[in-house]
2 protein chains.
Amino acid sequence: MQVTINIDNPEPAFAQLTAQIKQGVLGGSLNPGDALPSIRQLAQDLSLNPKTVAKAYRMLERDQVIESKGYRGTFIHQNAMAGSTHDLAAWVHERLTKTIAVLRDAGATDSEIRIAFGNAMNQQISKGT
Amino acid sequence: MQVTINIDNPEPAFAQLTAQIKQGVLGGSLNPGDALPSIRQLAQDLSLNPKTVAKAYRMLERDQVIESKGYRGTFIHQNAMAGSTHDLAAWVHERLTKTIAVLRDAGATDSEIRIAFGNAMNQQISKGT
DNA sequence: TGTTGTACCCTTACCTCAAATGGTACATTA
DNA sequence: TAATGTACCATTTGAGGTAAGGGTACAACA
């Protein structure tokens with residue numbers, strides 16, 4: 001499996017990583033149980049900060065595409081195929097689109113919606129990055 | 001009715017205006033049919049840009065607290081009491097809070113939610129400010 | 001000892017947006 | 001003519017966010 005980062009691509013580096021690994025799973029070049037390069041190794045190969053690669057891995061693990069096994073390394077998840085299929089981001093977008101439509105229908109201005117959104121995001125407790 | 005702008009108040013000027021006028025209605029010092037100072041006049045009195053006052057008036061008219069009658073001026077709306085009671089911003093906040101909770105429950109990170117929100121806001125068509 | 005993932009600290013660059021301001025212009029009407 | 005609300009053009013300031021980087025440190029294990 002070959003991974004590449006295109007600087008000219010407006011897509012952030014970590015997103016390019018996750019997209020390519022998911023493609024590798026869907027395309028059959030990455031199979032459940034396969035070992036992935038370590039965070040530090042991949043970061044060095046791509047001239048990226050380990051934190052950037054770690055972020056990509058973290059997202060992929062949440063989506064059940066890969067599985068981190070601590071000191072043993074990181075591997076393709078058993079349900080990687082399913083995990084690579086459903087698109088959480090698209091679902092989030094759809095969900096927000098519907099809510100926004102309701103708010104606008106009620107007469108709320110975009111400024112009001114944006115400010116209320118910012119407040120709501122900061123007043124609730126979160127865990128992830 | 002006396003209106004004041006407090007520079008030290010983090011609340012934006014137009015919001016201070018709308019809040020005070022709504023308070024005037026709820027407190028009985030402003031009654032349906034009462035004339036309000038013109039946008040330019042109030043702006044000059046408060047050392048504000050007419051656009052800032054106009055923004056406050058626009059919000060108040062949407063909430064049915066005041067009514068603009070073109071060249072005749074602006075007046076307290078007949079349903080001003082009801083309009084000053086219900087809080088659209090609070091409802092918007094509650095609605096967004098619920099949606100955000102659902103998205104977070106699904107595992108979405110705050111970054112993902114914020115980015116999706118920004119996209120959703122920009123991909124839909126709006127009218128108001 | 002060296003490597004694994006992970007969790008903190010802090011900093012930078014870039015971007016978007018809200019808020020407010022300045023100016024000009026319009027139709028309407030007393 | 002003067003005043004009304006309104007609609008454009010534009011700019012500036014400040015806040016807050018993402019993405020990414022640099023560095024240090026930890027427990028677990030071969």
Rounded distance (Å) that lies between atom P of D:dA20 and atom CG of A:N49 = 10 Å
Pair of N/O donor and acceptor under 3.5 Å linking C:dG22 base with B:K51 side chain |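 Side chain to base: pair present.
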Within less than 4.0 Å of OP1 or OP2 of [N], is there a side-chain N or O belonging to [X]?
X: A:K55; N: D:dA20; value: no
X: A:S38; N: C:dT3; value: no
X: B:K69; N: D:dG5; value: no
X: B:Y71; N: C:dA30; value: yes
X: B:R114; N: D:dG17; value: yes
X: A:T52; N: D:dA19; value: no
X: B:N122; N: C:dC17; value: yes
X: A:T74; N: C:dT4; value: no

Hey, is CD on A:E11 packed in by over 12 heavy atoms from elsewhere, all under 6.0 Å?
-> yes
Any chance the side chains of A:T109 and A:E112 put a donor and an acceptor closer than 3.5 Å?
->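 A pair is found: one side chain offers a donor N or O, the other an acceptor, under 3.5 Å apart.
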With sugar-phosphate meaning primed atoms plus P, OP1 and OP2, does A:A54 contact a base, only sugar-phosphate, or nothing at under 4.0 Å between heavy atoms?
->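 No contact.
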Heavy atoms under 4.0 Å, any strand shown: does A:E67 hit a base, just sugar-phosphate, or nothing?
->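 Nothing: the residue A:E67, judged by heavy atoms under 4.0 Å, touches no strand.
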[X], nearest nucleotide to its side chain (from [options]):
X: B:F14; options: C:dG5, C:dA20, D:dA19; answer: C:dA20
X: B:S111; options: D:dT18, C:dA18, C:dC8; answer: D:dT18
X: A:S68; options: D:dG23, C:dC17, C:dG5; answer: C:dG5

